[in-house]
2 protein chains.
Amino acid sequence: MCPEQAHIPRRESGDERRIAIAHAARALIIEKGLEGLRTRDIAERVGINIATLHYHVPSKEALVALVAASLRDDFKAQALRHPKEGLDAGAQLRQEFNEFREIVAEMPELIGVLSELVDLSRRDPTIAEIILPMQAYWTGQFTKIFRTGIEDGSFRPDIDPAGAAIIVTAALSDCWRPHRRPSLEPVIAELERAFFLPVSNQG
Amino acid sequence: MCPEQAHIPRRESGDERRIAIAHAARALIIEKGLEGLRTRDIAERVGINIATLHYHVPSKEALVALVAASLRDDFKAQALRHPKEGLDAGAQLRQEFNEFREIVAEMPELIGVLSELVDLSRRDPTIAEIILPMQAYWTGQFTKIFRTGIEDGSFRPDIDPAGAAIIVTAALSDCWRPHRRPSLEPVIAELERAFFLPVSNQG
DNA sequence: CATTTTCTCAATCAAATGATTGATTGATGA
DNA sequence: TCATCAATCAATCATTTGATTGAGAAAATG
């Protein structure tokens with residue numbers, strides 16, 4: 001009767017499974033690209049049958065949408081972990097840079113998958129609905145920071161906040177790519193010089 | 001004798017066919033993404049049989065490499081069309097911006113396909129061998145321009161040429177995406193303000 | 001305990017897809 | 001005129017791949 005079945009495949013709850021599936025999918029998108037993403041590979045990495053995967057996530061389309069939502073949740077959680085109230089514009093900008101450093105260090109796949117899904121958004125409205133607002137939010141954060149920084153005189157007065165925000169997010173995203181990774185710090189430094197007002201006694 | 005047979009399936013030379021295949025593939029990569037690229041679709045768009053396509057390009061891998069090489073050739077041709085000898089650094093930078101405007105206007109798919117292949121380079125050494133040097137060349141052009149512009153005093157003296165070059169290429173590439181396209185001019189303007197020295201009578 | 005719900009898998013399907021085969025056509029040159 | 005070769009296609013193959021079916025085990029519910 002074997003009261004102790006050593007190998008009992010621990011039964012996960014639906015949410016846990018879906019999170020595990022999303023994370024496996026993210027890793028596989030980085031490894032093989034969106035064009036190399038296979039439901040079988042995901043199931044194998046999670047350690048479940050393909051049918052089980054389809055039980056939790058009905059279709060591949062839904063699966064990619066799940067990945068998109070998972071990115072959004074991680075981004076949101078990360079932003080909430082670093083409140084920016086009470087900081088001046090300069091400190092807020094440096095805070096954003098630090099958050100990006102943290103993402104690159106702790107969730108390196110996040111930016112890469114995001115960039116693939118931004119491309120996909122061009123052709124897939126379902127994904128666009130999740131990804132574009134997230135990207136707009138990130139750019140918007142920088143726009144706000146630049147606006148207040150111009151007002152309080154810590155940034156160059158002739159900055160176009162929206163344009164500068166695109167430059168910053170584009171440059172940071174670009175530095176995610178492995179062959180650009182070593183350039184992250186020089187690029188951040190150059191961004192600071194490009195927007196901060198030159199103050200002799202700044203630091 | 002019917003000297004004009006309206007429907008004769010004109011027989012193309014190998015090179016012509018390969019060029020046509022590369023262009024069809026480029027268009028399809030933009031429409032469906034790398035993950036949606038199908039050899040059948042390419043053959044259909046060129047107007048040939050799949051077997052004929054495989055006669056000219058042995059495998060799908062070779063086909064993507066062909067696309068990469070075709071991008072490189074177009075880039076090279078475009079660069080040669082705009083000689084930069086004799087221009088000062090400021091004019092050279094504006095010249096580069098104009099070249100980019102021209103690419104966006106006349107070969108809008110070029111930047112998009114390039115960006116997909118840069119991603120692919122992370123996983124495919126064959127593609128990396130073609131694409132990364134091309135990307136490095138483009139960045140290198142900006143690096144040189146910044147170096148000379150610092151020396152002749154038209155640019156901010158504390159610019160890090162390599163970092164600034166990455167910022168510029170990343171920002172321009174980002175503005176290729178359709179939802180960013182309207183931001184191209186503001187971004188270019190902001191890039192100029194970020195690197196040119198403020199001169200009251202500059203024009 | 002009985003019933004229901006949740007979760008899991010082996011087996012299988014149907015379509016998609018990259019690639020090949022074997023034959024045909026037209027041009028070129030000897 | 002005939003042999004050769006580049007270019008082309010219809011038909012077909014072998015896998016891959018997203019998805020389904022039907023059955024069963026574990027947990028929750030009553």
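Just so we're on the same page: letters track the sequence lines, and every chain starts at 1. No experiment lies behind these values; they were computed from the predicted model shown.
Legend: residues meeting salt bridge (charged side-chain N to carboxylate O under 4.0 Å, His left out) with B:Lys76, ordered by chain and number and at least two apart, are absent. Judged as a side-chain contact (heavy atoms from CB on, under 4.5 Å), and not counting sequence neighbours, the contacts of A:Ala20 are A:Val46. Residues that satisfy the salt bridge (charged side-chain N to carboxylate O under 4.0 Å, His left out) test with A:Glu129, not counting sequence neighbours, are absent from this structure. Not counting sequence neighbours, the partners of A:Ala189 by the side-chain contact (heavy atoms from CB on, under 4.5 Å) test are A:Arg193. For A:Asp73, there are no side-chain contact (heavy atoms from CB on, under 4.5 Å) partners two or more places apart in sequence or in a different chain. Residues passing the side-chain contact (heavy atoms from CB on, under 4.5 Å) test with A:Ala136: none are found, sequence neighbours excluded.
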Show me the donor-acceptor pairs within less than 3.5 Å that the side chains of residues 159-174 of chain B make with the rest of the protein, sequence neighbours left out.
from     : atom 1 : to       : atom 2 : distance (Å)
B:Asp160 : OD2    : B:Gly163 : N      : 3.3
B:Thr169 : OG1    : B:Ala165 : O      : 3.1
B:Thr169 : OG1    : B:Ile166 : O      : 3.1
B:Ser173 : OG     : B:Thr169 : O      : 2.8
B:Asp174 : OD1    : B:Arg177 : NE     : 3.3
B:Asp174 : OD2    : B:Arg180 : NE     : 3.0

Donor-acceptor pairs under 3.5 angstrom involving side-chain atoms of residues 27-34 of chain A: please list them, not counting sequence neighbours.
from    : atom 1 : to      : atom 2 : distance (Å)
A:Glu31 : OE1    : A:Arg45 : NH2    : 3.2
A:Glu31 : OE2    : A:Arg45 : NH1    : 2.8
A:Glu31 : OE2    : A:Arg45 : NH2    : 3.4

Pair up each side-chain donor or acceptor in residues 104-118 of chain A with any protein partner under 3.5 Å, not counting sequence neighbours, and list the distances.
from     : atom 1 : to       : atom 2 : distance (Å)
A:Glu109 : OE2    : A:Arg26  : NE     : 3.2
A:Glu109 : OE2    : A:Arg26  : NH2    : 2.8
A:Glu116 : OE2    : B:Arg123 : NH2    : 3.1

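Within residues 61-70 of chain A, no residue places a heavy atom under 4.0 Å from DNA chain D. Across residues 20-40 of chain B, not one residue has a non-hydrogen atom less than 4.0 Å from an atom of DNA chain D.
Using a 4.5 Å cut-off on side-chain heavy atoms (C-beta onward), A:Glu192 and A:Phe97 make contact.
Close to C:dT8, at under 4.0 Å from its OP1 or OP2, lies a side-chain N or O of A:His56. Between B:Tyr55 and D:dT8 there is no side-chain polar atom (N or O) within less than 4.0 angstrom of OP1 or OP2. Contact annotation: B:Thr52 does not reach the phosphate of D:dA7 (side-chain N/O to OP1 or OP2, under 4.0 Å).
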Pull out every protein N or O sitting under 3.5 Å from an N or O of nucleotides 20-23 of chain D, one pair per line with the distance.
none

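The nearest whole Å value for the distance from the CZ atom in B:Arg18 to the P atom in D:dA7 is 11 Å. B:Asp41 has its CG atom 13 Å from the C1' atom of C:dG18, to the nearest Å.
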Would you sort out whether A:Glu99 and A:Arg81 count as a salt bridge (Lys or Arg N to Asp or Glu O under 4.0 Å), showing the intermediate values?
-> CA-CA 10 Å; A:Glu99 286 186 35; A:Arg81 216 177 307 139; over 6 Å; no
